[in-house]
Amino acid sequence: MDIKGKTAVVTGGSRGVGRATALSLASQDCAVLVNYSSSKDEAEAVAEEARAFGVKAIAFQADVS
């Protein structure tokens with residue numbers, strides 16, 4: 001699947017599998033929204049790492065349950 005130029009919302013993106021997913025998507029030229037519930041600093045760090053791949057990335061707090 002070609003995801004270049006697409007945007008993804010990654011829930012639980014501040015740690016574990018969500019973090020790995022967000023960074024994998026960013027490495028494939030996909031912009032990411034890193035959703036978090038309470039881990040703001042970690043989510044901001046993941047978004048910063050994602051931006052290092054040259055894509056747009058932001059951290060956003062939301063309860064998606």
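The structure displayed is predicted, hence computed values, not measured ones. Excluded from the calculations below are hydrogen atoms, water molecules and symmetry mates; all remaining heavy atoms, backbone and side chain alike, are included.
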- Message: Would a single hydrophobic cluster contain both V9 and I58, if residues Ile, Leu, Val, Met, Phe, Trp and Tyr are joined by side-chain heavy-atom contacts under 4.5 Å?
- Response: yes

- Smallest separation among heavy atoms of V46 and S14, with atom names: CG2-O, 3.8 Å

- Query: If you take all heavy atoms of R15 and S39, which pair is closest and at what distance?
  - Reply: NE-OG, 4.4 Å

- Query: Out of V64, L33, V34, which one pairs with T11 under the side-chain contact (heavy atoms from CB on, under 4.5 Å) rule?
  - Reply: V64

- Query: Nearest heavy-atom pair of A50 and V32: which atoms, and what distance?
  - Reply: CB-CG2, 3.8 Å

- K4 NZ to L25 CG distance, which is reported to the nearest 0.5 Å: 15.0 Å

- Measure from the side-chain N and O atoms of T21 to the backbone N and O of V17, and report whether any donor-acceptor pair falls under 3.5 Å. yes

- Query: Does E49 have any salt bridge (Lys or Arg N to Asp or Glu O under 4.0 Å) partners at least two apart in sequence or in another chain, and if so, which?
  - Reply: R19

- Note on the structure: In this structure, CG of D2 is separated from SG of C30 (nearest 0.5 Å) by 10.0 Å

- Task: In sequence, state the C-alpha distance, the side-chain angles, and the governing distance for D29 and V55, and then conclude on side chain to side chain contact (heavy atoms under 4.5 Å, CB included).
- Result: CA-CA 6 Å; D29 203 25; V55 298; 3.4 Å; yes

- Message: Determine whether a donor-acceptor pair (N or O, by modelled atom type, separation under 3.5 Å) exists between the side chain of Q61 and the backbone of Y36.
- Response: no

- Query: Between OG of S24 and CZ of F53, what distance do you get to the nearest 0.5 Å?
  - Reply: 8.5 Å

- Message: Please say yes or no: joined through hydrophobic side-chain contacts below 4.5 Å, possibly via intermediate residues, are L23 and F60 part of one cluster?
- Response: no

